[in-house]
Structure formats: structure tokens, C-alpha cells
Amino acid sequence: MTRLVQSLGAATLDQLAHLGRMGLFLVYMIRGIVKPPGKFWSVIKQIHFIGTKSFFVIGFTAAFTGMVLGLQGYYTLSKFGSEGLLGSGVALSLIRELGPVLSALMVTGRAGSAICAEIGIMRIDEQIDALECMAIDPYSYLITPKLLAGLVCLPLLTAYCDVVGIFGGYLVGVDLLGVSPGAYLSGVENSVVWKDVYMGMVKSLGFAVLMIWICTYKGFYAGVDDGNFGPEQVGRATTNAVVLSSVSILAADYVVTSILL
Amino acid sequence: MGHRDLIDVCGLNSHYSGRQVLFDIRFGIPDTNITVIMGVSGCGKTTLLRHLIGLKRTRPEQIMVDGQDLGKFNEEEMRNYRRRLGVLFQSGALFNSMTVSQNIAVPLKVHTRLSDETIRIMALIKLNLLGLAEFGAFMPSQLSGGMRKRAGLARALAMDPEILFVDEPSSGLDPITAAGLDRLILELRDTLGMTIIVVTHELESAFRIADRLIVMDRGCILAAGSPDEIRASQNERVLQFLERKADTAEINTAGYLSRIMGNEITRSGR
Ligand SMILES: Nc1ncnc2c1ncn2[C@@H]1O[C@H](COP(=O)(O)OP(=O)(O)OP(=O)(O)O)[C@@H](O)[C@H]1O
Ligand SMILES: [Mg+2]
């Protein structure tokens, strides 16, 4: 019995230590914004990296999501004879929910995993140690530029996702199923208010922090706990990072929605 | 030799998740000297180095730098200490997303306000010093193992450090290049007055460059002193190391058996 309690306590302490370390990591990552070295060019480079990695896959996902929304929306709405609402239905679901969530998930899958692997490789190859020995703050030099790039990229990619999705819905609803183009577009225009856009942007900024935080953290501590710096640790860290980021993004989506709605 | 000790290791113990790998290590590192650390593979040389450069946590009062306690350094003090260091890692640890010259430029870009052109020239000078002038535009993955080591050394030298730590600089190098590296290390001491700590297996090279030699075995120091003192040592293990004799198979049947049996028992117990 005491053994059980003991091991339970040890596991709890372990988890608490992990959480503490993760929190500290976030603090260092944010502190890096005001610390040298200057990071203009490295941020640009990261924006390029995240952008190119995710641009096409998000466009693709958004187009098909918009088309499915158009299709499903049309058949549901036509039961009530209100096909004219299709535009507002598609636009609202995209701008409030699907745009931010889908973009964040796609960026996690494409860029987040690559970022985690990159940092994990630097960890197991002693490159992060080398940075520290050069008196360079690895958080400020490596992690913060990725955070800033994520904060720039994700809202832009979300907006792009929203627009492509709305046109996907247009394609199916108007060109295929015969909703009038005016009704669709005015539906979009009349129903979307600033608050919806605001909500989407808050979400995408939050998801950016969450995703970069988790992916860089997992890479940064790849193998550290086991004291084993083999290549398989990078693979494991990357998988963990993608799963944990995706789950947290979905959970955070619910929380943000319930607060802002 | 009339040198003061820049770094003083006074009773260093080190553990990896409960397993002790360094036992009460004591020695001094005099400044503007070359200290060579030798020992069989796995005896704890790299671990010792990681303590000295502050990558592995050191308990208070086990390492003193300039009379100050490395174990009690705060972030600021650690950063100031590290700005005096150049480190070559056993693996080279080049940043694999950058070319060799960009690697060397990293510390210069972060710590100085020199123009890009000046930094480019300084990187080229360091590359030249190590015979890598043509390879500045190569990615680390395009270099051979020995070249990677030399590029890592070029990066360690980028800021002209006061103290240089090198972990096995000549492993994987041919005799000619290795001899060139030895000469470079001697020159760095003589012309720039660097304090240099070298970990190496190469006996010949060790005796050629060392002002002080430290022979380690299984986490302890076997012998320390000038090359002549080490050569005159009567310690059995030291002699074995110097004469490159393989370990005679230890006759420890009981331990061996119990290890096998232990495995047996745990297996059948499952
Ligand atoms: N990250 C680690 N986790 C657990 N044990 C480790 C770790 N790194 C090293 N060790 C152990 O510490 C001991 C000393 O290792 P170290 O790397 O210091 O040896 P070394 O003298 O540098 O060997 P080599 O000459 O082969 O580089 C070894 O027994 C090794 O198993
Ligand atoms: Mg070693």
C-alpha cells in the first residue's frame, strides 16, 4: 500500500516537474523577444519556412472543406427551403471554427513536426550545447524566431484558408447546385461581423503559441530525460509533439470558443 | 612552472542517473599551458569536460575558476565565463543547417558588431588556419569526419578564446594532418597565450604537446604531472596504457556467473 502511494507520489512529482519545466520554457521563449541577438532575418527565414511548408496543403484542405460545407449545407438548408443562407453558413463555420483549427492542424503536421525534428537533431548532436558554450542563449537564438514567425504566419494562413474555403463553397453551391451568386455572397457579407473575424484571429494567435511551444519544447528536450541521445529519440519527440499539439489545439478551441461566444 | 591555476578541480564527483562516473577528481589547470587528459574509452573524460564548461551541473565547491565557485555561478556569471571559452565537441557539433563559413560566423555575428564583410574574412582566416579554405561553402554533411572536426575547431577559435577545450581533435585524422593540428595547438599557446585542455588517445601527440598530462582510469585520476614524470611512472595501469597493452581477461568467474545467472533468474521469473 505504501509502495503504491509512493510510486503515485513520485509520478505526480515527475509530472509537476515536467509542467514546471514547460512553463519555464515558455517564459524563456517569450523573454527571448527582448534579448539579443537581433532576429529580423531569422524570423523572415522562419516565416518563409512555415509559409512554404504549409501554403499548398492548407489551400487544398480549405478548398475541399469549403466544398463539403457547401454540399452538406445545401442539402440541409434545402429541407427548410432556405438555400439562400448557404453563404453565411459556410463563411461563419470557416471563419469562426474551421479556418483557425484546420490551419493550425495543418501547420502542426507540416511545419511543427519539421521544427521539432530540427531542434531535436540539434539537441542529440550537441549543437544546442555548442550554442550555450558560445554564450549564445539557445532560447533567444533558436526558439523565439520560430515563435514570432508562427505568430505572423498563422493568422495569415488562417485568413487564406477562410477565403479559399468560402470560394470552395461558392463553387459547389453556386456553380454546381444552383444557388444564386448574389444570395451566396450577400449572405457572406451580411452575416460575418467583426466579432467573428476577431474570434478567428485570437484563436489562430493562440494556436500559434501553443503549437510552437509544444513542438520546440519536445525537440529541445529530446532524449534529455532518458539521458539517451539516440536518433530514435527525435522520432519519438516528433510524434509526441504532433499528437500533443493537435489535441491541445482542439481543446483550446473549445475553451476559447466558450469564453468568446 | 610558476603559473597560477586558472581552473582548480577540487574533489569533483559526477553521476548519471544515480551511477557515479567520476570519483573525487582533483587537479589544477595552469594558465597558458597545455593540459592533456588521457585515458581509456569510457573513463569519463568527456564528462569531466562537460563539467568544466558548465554543461553538466556541478555541485558547489568542486570546481573553482579564478578562485570563484563554478557550481554557484548565476546565469550572468556563466555567460561571462563562457565568453572566454572555445569548445570543440567530440562530435564536432557543427550546425547542420548552415555552411561551414556560416558556422564559424555565428559567434562573431552574435557577439560583435563587425560588418558582414569583415566577418567573412575572419571566418576565412580561421578556415585557412585549419587547411579548410576551399570548403567554406560546403555543408557540414558534405565534409569528411576529420574535416568536420577541424571545422569545429575553426569555430571554437572564431572568437580567439582565452581557454580552449578540445575533445579528441585528432581522432579520425591522418598522421600528417594530426601533426599539423599539434603544431597549431602549440602555436596557439605560444603566440596567443591560450590555456588549452586537450582530450586525446594519441600517445605520441599527447607527449608532443603536453605541458601537463593527466591519466584517467574508470573515473579516477591515475597519474598527473609533466610528460617526463608520467613516463617515469611505475603505476601498472599507466604503464599498460603507455605500452598499449590490452587488458588481460579478468578472471572473475564469480561475478561473470552471477551476471549470467542474474539474467537467467529474472527471465525465468517473468
Ligand atoms: N548521457 C549519459 N547518460 C548516462 N551515462 C553516460 C552518459 N554519457 C556518458 N555516460 C557514462 O559515463 C561514463 C563516461 O563517459 P564519457 O563520455 O565521459 O567517456 P570518455 O572518457 O569521454 O570516453 P571516449 O574516450 O570513448 O569518448 C561512461 O561509462 C558512460 O557510459
Ligand atoms: Mg569522450
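Chain identifiers are assigned alphabetically (A, B, ...) following the order of the sequence lines, protein sequences preceding nucleic acid strands; residue numbering begins at 1 within each chain. Values reported hereafter were calculated over all heavy atoms of this structure, with side chains retained and with hydrogens, waters and symmetry mates removed.
Atom CZ of B:Arg59 is surrounded by 12 or fewer heavy atoms from other residues, nucleotides or ligands within 6.0 Å. Counting non-hydrogen atoms of other residues, nucleotides and ligands closer than 6.0 Å to NZ of A:Lys35 gives a total above 12. Annotation for A:Tyr160: atom OH counts as buried by contact number, over 12 foreign heavy atoms lying within 6.0 Å. Other residues, nucleotides and ligands contribute more than 12 heavy atoms inside 6.0 Å of the NE2 atom of A:His18. In this structure, A:Phe56 places its CZ atom where only 12 or fewer heavy-atom neighbours from other residues, nucleotides or ligands lie under 6.0 Å away.
Contact of B:Ser91 with chain A is made through backbone and side chain together, with heavy-atom distances under 4.5 Å. Using a 4.5 Å cut-off between heavy atoms, A:Met122 contacts chain B through its side chain alone, with no backbone atom that close. Neither the backbone nor the side chain of B:Arg84 comes within less than 4.5 Å of any heavy atom in chain A. Looking at B:Tyr16, there are no atoms closer than 4.5 Å to chain A (heavy atoms on both sides), in backbone or side chain. Residue contact with chain B, scored on non-hydrogen atoms closer than 4.5 Å, is absent for A:Ile128. Only the backbone of B:Leu94 comes within less than 4.5 Å of a heavy atom in chain A; its side chain stays farther off. For B:Asn80, no part sits under 4.5 Å from any heavy atom of chain A, backbone or side chain.
Considering all non-hydrogen atoms of both residues, B:Val110 and A:Pro37 come closest at CG1-CB, 4.0 Å. Taking all atoms of both residues into account, the shortest heavy-atom contact from A:Ala135 to B:His111 is O-CE1, 3.3 Å.
Here the rule is side chain to side chain contact (heavy atoms under 4.5 Å, CB included) with A:Glu132, and of B:Met78, B:Arg82, B:Arg79 only B:Arg82 fits it.
Salt-bridge formation is detected for the pair A:Glu126/B:Arg50: a Lys NZ or Arg NE/NH1/NH2 atom is positioned less than 4.0 Å from an Asp or Glu carboxylate oxygen. Ion pairing of B:Glu75 with A:Arg31 is present here, as a side-chain N (NZ or NE/NH1/NH2) and a carboxylate O approach within less than 4.0 Å.
At a threshold of 4.5 Å between non-hydrogen side-chain atoms, the residues A:Met134 and B:Met159 do not count as touching. Put simply, the side chain of A:Cys133 reaches to within 4.5 Å of the side chain of B:Phe89, judged on heavy atoms.
Here B:Ala93 is the residue among B:Ala93, B:Gly152, B:Pro107 with the most heavy-atom pairs under 4.5 Å with chain A.
Atom CZ of B:Phe95 sits about 10.0 Å away from atom CG of A:Asp125, to the nearest 0.5 Å. Here the straight-line distance linking atom OH of A:Tyr141 with atom NZ of B:Lys109 works out to 8.0 Å at 0.5 Å rounding.
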